[in-house]
Amino acid sequence: MKHRQTIGPVVKRKLCTGCGTCAGVCPREAITMAVKKGRYVPQLDKSCCNRCGLCHDACPGHGVDFEGLSDALFGDIPEDTAVGRYLGCYVGHAMDRGVRYNSASGGIVSSLLIFALQEGLIDGALVTRMRRDDPLKPEPFIARTREEILSAAGSKYCPVATNTVIQEILDSDDRIAVVGLPCHIQGIRKAEQCIPKLAKQIRYRISLACSLNFSFRGTERFLENLGIAPDSVEVFQYRGRGWPGSVLIRRTDGTQRVVPYAECYRQLGPYSLRRCTLCSDMLGELSDLTCGDAWVPQIIRTNEAGSSFVVSRTVEAEELLEDAASSDAVELSELALENLLASQGHALFKKRKLKARMRLFKLAGRSVPVYRQKLLAPIRADYISTMKLYAARYTLAGNHRLLRRLFHLVHRRKRRLAKVEAQPVETMAQP
Ligand SMILES: Cc1cc2nc3c(=O)[nH]c(=O)nc-3n(C[C@H](O)[C@H](O)[C@H](O)COP(=O)(O)OP(=O)(O)OC[C@H]3O[C@@H](n4cnc5c(N)ncnc54)[C@H](O)[C@@H]3O)c2cc1C
């Protein structure tokens, strides 16, 4: 057999997304995912590897041919730069009030999975819950009951190696719905191109919208700021409890803290994963359908229980949505694409800022992923914001106590001045 590329160079060039596809497709189980510096990194056991090249071919880290994949999968190259291919755009929520209240936004993802399971459209769904024995670490698994799907509801703002479960899917003949971030779905689609059996088994690919994800160190620092030792945590939920929800932390001594979601998200900010800052795909353009937070102004005004937006891209997804709505599993109404885009500014910004980021990376001699896809020309502000982003990441998320203190000092002063100038100010509840 001809020796081919492995995942090694992708990791070395810091292009790995940590999605777990390489570990999931390796027929020799030569790859495992280990946590290093707060993120998942593949570990290759060279003694088991025969350099078949599958891990590299299926890896979305070094690049994605969006145009080629769109053409092969959907029969065309999408015209809309921000959204990609779409058939419908909706806003809605689960009809079950408990599901809606305990999910990330509107509970659409969990409701669709439960509906598909009950209707016999799938045998299981690849979802992610937090581990019982290590509540700050996620556990992707195949849910086969309503209860299991609900145990995984809510967003996890930490690395998740979802696609490690591919091997378990291949070991069965089950029909599966996969839920993941855009990088997971890119990995799934690339893996399907390499392994036809996988393509036959995966019935729905549901992407969550994602502008960024965060390292485990972010969650650890968040707990540290609350004065909570990570090893005293028994239950950790990033989201749930209505809109936009809250973080729930239960300790082994029975005490619990609830912190507004927005405060947690603000604190996680500097811990964004480096590879996420080089991603072009906020809306999971290779999915069958994408769900995200409905930040649409007309909706959030009256939205205490939560709503999600949905973009459907395939006929199968459209049918699933139609059937779930007519069976009263979900409520959906049409959402104009321009209203969605106005509420999800990052989708277009990503396409524009990315070129600026890539140019700066190349100038610094760093590797960047190769995307075959239309990107927009950056403006000067994109270069400035890029430099600010990396400076903040370096100062706040690195091990530079002095720099961090200085940053907070300057920011506290800036915030104080802004408060005096802006009247009235809406302050966020502090934990
Ligand atoms: C890291 C991250 C960033 C996000 N960024 C945005 C954004 O910028 N804009 C936006 O509109 N929406 C964003 N979302 C999506 C949003 O938070 C909700 O997940 C989405 O609206 C679906 O809500 P729901 O109530 O329908 O899903 P639920 O019914 O709560 O179901 C969520 C499903 O997603 C799975 N899941 C959760 N987290 C992960 C993860 N990290 N990796 C793989 N699977 C996971 C769960 O297992 C569950 O099956 C983000 C989500 C995550 C995890």
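Both ligands and their constituent atoms are indexed starting at 1 by order of listing.
For R239 and Y261, the positive end sits near the middle of the six-membered ring, less than 6.0 Å away and at most 45° from its axis. Remark: R359 fails to qualify as a cation-pi partner of Y383 under the 6.0 Å distance and 45° angle criteria applied to the six-membered ring.
Looking only at protein heavy atoms, the nearest one to atom 24 (P) of ligand 1 is G107 N, 3.6 Å. At the shortest separation from atom 42 (N) of ligand 1 among protein heavy atoms lies H184 CE1, 3.6 Å. Looking from atom 10 (C) of ligand 1 to the surrounding protein, the closest heavy atom is D293 N, 3.5 Å. In this structure, the protein non-hydrogen atom closest to atom 20 (C) of ligand 1 is S105 OG, 3.5 Å. Here the heavy atom of the protein found nearest to atom 17 (O) of ligand 1 is S155 OG, 2.7 Å. Residue, atom and distance of the protein heavy atom nearest to atom 35 (C) of ligand 1 are V179 CG1, 3.8 Å. Of all protein heavy atoms, the one lying nearest to atom 8 (O) of ligand 1 is S211 OG, 2.8 Å. In terms of protein heavy atoms, atom 2 (C) of ligand 1 is closest to Y157 CE2, 3.5 Å.
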Taking it one step at a time, do T219 and Y238 satisfy side-chain hydrogen bond (donor to acceptor under 3.5 Å, both in side chains)? CA-CA 9 Å; T219 305; Y238 284 95; 2.6 Å; yes

Could you please spell out the steps behind the side-chain hydrogen bond (donor to acceptor under 3.5 Å, both in side chains) verdict for Y90 and S312? CA-CA 8 Å; Y90 311 93; S312 76; 4.7 Å; no

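The ring pair (Phe, Tyr, Trp, His ring centres under 6.0 Å) test applied to Y371 returns F66, not counting sequence neighbours.
Contact detail for H56 and Q5: the closest heavy-atom pair is CB-O, 3.4 Å. Nearest heavy atoms, L170 versus K197: O-NZ, 2.9 Å. Scanning both residues, S307 and R100, for their nearest heavy atoms gives OG-NH2, 3.7 Å.
With Y271 as the partner, the side-chain hydrogen bond (donor to acceptor under 3.5 Å, both in side chains) test is satisfied by one option alone out of R393, E220, R221: R221.
Heavy atoms from both the backbone and the side chain of A104 come within less than 4.0 Å of ligand 1. Counting heavy atoms under 4.0 Å from ligand 1, residue V109 touches it through both backbone and side chain. Counting heavy atoms closer than 4.0 Å to ligand 1, residue L212 contributes backbone atoms (N, CA, C, O) but none from C-beta onward. At a heavy-atom distance under 4.0 Å, only side-chain atoms of R239, from C-beta outward, approach ligand 1. Here L208 has side-chain heavy atoms under 4.0 Å from ligand 1, and that is the only part of it that gets that close. At a heavy-atom cutoff of 4.0 Å, ligand 1 is contacted by no atom of F214, backbone or side chain. Looking at V160 against ligand 1, only its side chain comes within 4.0 Å, counting heavy atoms.
Residues S246 and R241 bring a donor and an acceptor atom of their side chains to less than 3.5 Å of each other.
Checked for salt-bridge contact, K351 and E285 meet the test: a charged N lies under 4.0 Å from a carboxylate O.
For the pair A209 and ligand 1, the shortest N or O to N or O distance falls below 3.5 Å. The shortest N or O to N or O distance between K156 and ligand 1 is below 3.5 Å. For ligand 1, the polar-atom distance check against S308 finds a nitrogen or oxygen pair separated by under 3.5 Å. Taking distance alone, with nitrogen or oxygen atoms compared against 3.5 Å, G154 approaches ligand 1 more closely than that limit.
Atom CG of L126 and atom OG1 of T162 lie 6.0 Å apart (nearest 0.5 Å).
Look at R129 and you'll find every heavy atom at least 4.0 Å from all atoms of ligand 1.
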